[in-house]
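Below, chain A is the first sequence line, B the second, and so on; all start at residue 1.
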Amino acid sequence: MQKRNQSAMAASKKIRLFDKNSPLKQSRLKSSATRKPIPNWVDVDDDEEHIGRRKRPTGVLKGSKVNHGVVPPPLAHSTPPRKKARLSNAGPSAAIQERHELPIAKGKEALVREIAANEVTVLLGETGSGKTTRESFFSSALSYFCECGINSEVPQYLLEAGFADAGLIGITQPRRVAAMTLAARVAKEQGTTVGQSIGYAVRFDERAGPETRVKYMTDGMITRELLGDPLLSRYAVIIVDEAHERTLRTDLLLATLKRILPERNGDKKGKGKECNPLKVVIMSATLDAEKFSRFFDNAKILYVKGRQHPVKIYHTAQGQTDYVEAALRTFFQIHLDQPPGDVLIFLPGQEDIESLEKSITQFARRLPIGQPAVMVLPMFASLQTAQLQRVFATAKGASVRKCILATNIAETSITIPGVRYVIDTGKSKEKRCLAGAQGGGFDTLFTRDITKSNAMQRAGRAGREGPGFCYRLYTEDAFKEMTVTPEPEILRCSLTHSILQLLCIGQDIQDLDLMDMPDVDAISSAFRTLFMLGALDSTRTVTPLGRAMVNFPLEPPLARAVMASKDLACTAEVLDIVSVLAASGNLFLDVTDKRVEIAEARRKLVHTSGDHLTKLGVLRAYRAVGGGGDGAENDDEKVGRSACKEWVRQHFVNERTLREATRIRDQLREACARADIDWRVSCGDREEPVLLSFTHGLAMNVAFIAPDGSYKRAIGQSAQNVKIHPSSSMADKKVQAIIYDELVYTNQIYARGVSSIPKHFVSIVGTFNRREA
DNA sequence: TGGGGATTT
C-alpha cells in the first residue's frame with residue numbers, strides 16, 4: 001500500500017504539465033499527428049468489424065436447447081430522449097403519455113403473451129442502437145434497465161393484463177433505494193400514490209396495504225417473508241430484477257422459486273397444484289441470461305431492445321503499471337483537449353482516491369489562464385453525507401469541470417448527473433470469506449481486476465445523458481481476458497446466517513438446487529460456527545436458542561450476544577453496541593490529512609477494555625447531545641440537531657452510522673419484545689456482563705497472547721498469528737485474551753473490533769454454548 | 001498503522 005503511494009507521489013513529481021519532455025506533452029504531439037481524439041489509445045469502437053459477425057438473437061440459436069423469442073424491436077432512436085419531467089411535478093397524464101413513447105411499449109403485447117404462456121420467462125435487456133459493438137452491449141442493457149423503464153413497465157403491463165387478479169405482483173431489487181424509487185415512479189404513472197395499488201417494502205419502511213397489487217421489495221424482504229409463507233402464496237407473479245448481480249439473497253430466492261414452482265403449478269404429470277399458480281420473470285442484463293434459462297428448465301428468453309447513448313470506448317496501447325498516474329495523465333488530456341462534460345474516475349479505494357485528489361488539485365492550480373477550473377470530488381461510502389452531496393450540486397459557472405473520484409459506489413448505487421467522460425482503472429476491491437474447514441476462517445480484502453460486466457457498467461455511466469467517452473487504463477487484450485461476470489456472492493461470503501435461516505424452514509442448503517453451489521469447506525465452516533454458538537446441536541438440528549436467534553435481523557454471532565445479554569442482565573448495553581456493529585458504515589471517520597487532530601479527539605472517546613465499549617460510549621455521548629432520540633423529538637429539535645452536528649464534527653464520528661444504528665436498535669427492541677426479552681434491563685457501569693455476552697457471540701473469534709507478545713487464535717489453524725488492526729483502540733496493547741468482530745487479511749491478518757477479556761471467560765462460554773447445543 | 005459495495009419479519 002505504501003509502495004503504491006510512494007510511486008504515485010514520485011510519478012506526480014515527475015510530470016511537468018507543459019514541459020517538452022513530459023509524458024503528457026509527448027502524447028499531445030502524437031495526438032495531432034494521428035488525428036485521434038486521445039493519443040496512446042486504441043480505438044475499439046469497431047462497428048464495421050463487429051456488425052457483420054454479431055449474432056442477432058432471432059429465433060433459436062444453433063447448438064442450444066434454449067428457446068429464444070424476440071420482442072419486436074422498436075425503431076432505434078425513433079422517440080425523443082426522455083425528459084427529466086418524470087421526476088418533477090408533471091401530472092399522471094403526462095407520465096402516461098410518456099409511457100407510450102417508450103421503446104418497450106411496442107413490444108407490450110408480445111411480452112404479455114409470452115409471460116402468460118410460460119411458467120418462467122427470462123428478460124434480457126439489449127441496446128437499440130444500430131452501432132452496437134459486443135462491448136457496448138452490456139452497458140447498454142444495464143443502463144436500459146435503469147433508465148428506459150423495463151422494470152417499471154413490465155409490472156404495469158402485467159397489472160393491466162389482469163395478472164394481479166390472482167395475487168400480488170412482486171418485484172425484487174438488490175437495493176432499497178431502487179425499490180422505493182421504482183414504486184414512486186410506477187404509482188405516479190398509474191395516477192395513484194405509493195401504498196395504494198402500488199407499494200414497496202424495504203427494511204425500516206413498508207408502504208403496502210390491502211389494496212396493493214404491485215409490490216417492489218428488496219430481495220432480503222422476500223427472503224424474510226419465506227420464513228412465514230414457504231410457498232409465497234400471496235404472489236401471483238414474482239419478478240426478480242437485476243438477477244445478473246447474483247447477490248446471496250437473489251440466488252437463494254431463485255433456488256427457492258425453483259423448488260416451489262412444482263408445488264404451486266403442479267409438476268409435469270399434473271400432480272401438486274395445491275394453490276394459485278405462480279409466474280416467475282427473471283430480468284438480467286448480461287449474456288448469463290442463458291444460464292438463468294438453463295437453470296429454469298430452458299425457460300424462454302425474451303430480448304428487449306433498449307436505448308442508450310453511444311459510448312466510445314478506448315483502451316491503452318500498453319498495460320499501465322501505475323493506474324493512479326495513468327488516471328492523472330488521462331484526466332488532464334481530457335480536460336485540455338475535450339469539450340465540456342464532467343469526468344468520473346473509478347478507483348479501488350480511499351487511499352488511491354486521496355492520493356489522486358492531491359495530485360489533480362496540485363496540477364490544476366498551474367493551468368494556464370482561460371482554462372476551465374477543476375473541481376475535484378472524492379466519493380466513497382464512508383464519506384459524510386454533506387461531502388457526498390457536493391457531487392450532485394451543479395458547478396458554479398459553466399467554466400468548471402467536475403472530476404469525481406469514486407469507488408464502485410458509483411457503479412450501481414449512485415448516479416451522478418453531468419458525466420460525459422469515464423476513466424476506468426480496471427481495479428476494484430473485493431471482500432472474500434476464506435473459510436477454514438475447522439471453523440474460524442477470515443475475510444480477505446484485496447485489489448483485483450474487474451470483470452467485463454463491471455467494465456461495461458462503468459463505461460455506461462458516461463452515456464446516460466448523451467453520447468459519452470470511456471478511457472480504459474488497460475489494453476484491449478486485458479479486457480478480453482477478463483472474467484465475464486463477477487463471482488456470485490454466495491461463493492464469496494459467510495453462509496452462517498443463510499444456513500440457519502434455511503434450516504428453520506426445514507431446508508438443508510446441500511439439498512437445495514442452487515445455480516452455484518458453495519464450497520464444502522464454506523458450508524462445514526458455517527455449520528461449525530452455528531454449533532459453537534449453540535444454534536445447532538451435534539446432529540445439525542436447530543436448537544431452541546437457534547430458533548430464537550433467527551428472529552433477529554442480525555448475523556448469528558450478534559444475535560447470540562443479544563440472547564446472552566438476557567441471562568446476564570445487560571440487554572440495554574448489548575443492544576446499543578450490536579446496533580452499531582450491524583450498521584453498514586464505519587463509526588469513525590478518517591481523513592488522512594487530519595490524523596493528529598483525529599487521534600486527539602478519539603483519545604477522549606476510547607474505553608480501556610476496547611472497541612465494543614468504546615462504541616457504546618460514543619453512541620451514548622451522541623444521544624446525550626440530542627442525537628438518535630427515542631422518537632420524542634420536541635421544540636428543541638433544531639437546537640439538538642445542530643448540537644449533534646457540531647459534536648460529530650468535533651469528534652470525527654460518522655453521523656450516518658449513528659442514525660442507522662438508532663433505527664436498527666429500535667427494530668431490535670421490537671424483536672426483543674416479541675422474544676420476551678426486556679431491552680430496558682441495564683447493568684449500569686459494569687463492563688463484565690457486556691464483554692461476557694460478546695464472548696458468547698464471538699466464541700470462535702478469541703485469541704490469546706503468546707510469550708513473544710503476539711496474539712494466537714484459540715481455534716482454526718493452530719498457532720495462527722493475529723495482529724490487532726491499527727484502527728482499533730487495542731492496537732499495540734498487550735492483554736491476556738481478546739475477542740474480535742472479524743479477521744481481515746490485507747498485508748497480514750488483522751483483527752478488527754477488538755476487546756480485552758479475562759482469560760476465564762473462554763472456558764465459561766465454551767461449556768455454556770455447547771450445553772445449549 | 002489501514003477502511004470495495006450492497007442488505008435483513
Revision key, fill the gap. Closest to the 5' end of DNA chain B, once A/K431 and A/V550 are matched to their nearest nucleotides, is A/K431
Point to revise | DNA chain B: 5'-proximal contact among A/L554 and A/K723 (nearest heavy atom) | key: A/K723
Counting any heavy atom closer than 4.0 Å, what does [X] reach on the DNA or RNA strands: base, sugar-phosphate only, or nothing?
X      : value
A/T407 : sugar-phosphate
A/R203 : base
A/F552 : base
A/L227 : nothing
A/A381 : sugar-phosphate
A/Q501 : nothing
A/R595 : base
A/I664 : nothing
A/G228 : nothing
A/V744 : nothing

Find the distance [X]:[atom1] to [N]:[atom2] and express it as a whole number of Å.
X      : N     : atom1 : atom2 : value
A/E430 : B/dG3 : CD    : P     : 15 Å
A/E489 : B/dA6 : CD    : P     : 12 Å
A/I749 : B/dT1 : CD1   : P     : 18 Å
A/R492 : B/dG4 : CZ    : C1'   : 10 Å
A/K594 : B/dG2 : NZ    : P     : 22 Å
A/R665 : B/dT8 : CZ    : C1'   : 18 Å
A/R752 : B/dT1 : CZ    : P     : 17 Å
A/M730 : B/dG2 : CE    : P     : 19 Å

Assess whether a salt bridge exists between [X] and [Y], defined as any Lys/Arg side-chain N lying under 4.0 Å from an Asp/Glu carboxylate O.
X      : Y      : result
A/E487 : A/R492 : no
A/R595 : A/E600 : no
A/K215 : A/E225 : yes
A/R752 : A/D741 : no

Does [X] put a side-chain nitrogen or oxygen below 4.0 Å from OP1 or OP2 of [N]?
X      : N     : value
A/T247 : B/dA6 : no
A/T218 : B/dT8 : yes
A/Y750 : B/dG2 : yes
A/T746 : B/dG3 : yes

Which nucleotide wins on minimum distance to the side chain of [X], given the candidates [options]?
X      : options             : answer
A/I409 : B/dG3, B/dG5, B/dG2 : B/dG5
A/H725 : B/dG3, B/dA6, B/dT7 : B/dG3
A/H497 : B/dG4, B/dT8, B/dG2 : B/dT8
A/R176 : B/dG5, B/dG3, B/dT8 : B/dT8

Review point. Strictly by modelled atom types, are A/T451 and A/S453 linked by a side-chain donor-acceptor pair under 3.5 Å?
Key: no
Review point. Would you say A/L254 and A/V240 make side-chain contact, with heavy atoms under 4.5 Å?
Key: yes
Exercise for review: Report the relative orientation of the aromatic rings in A/Y745 and A/F442; use parallel for angles under 30°, tilted for 30 to 60°, perpendicular for over 60°.
Suggested key: tilted
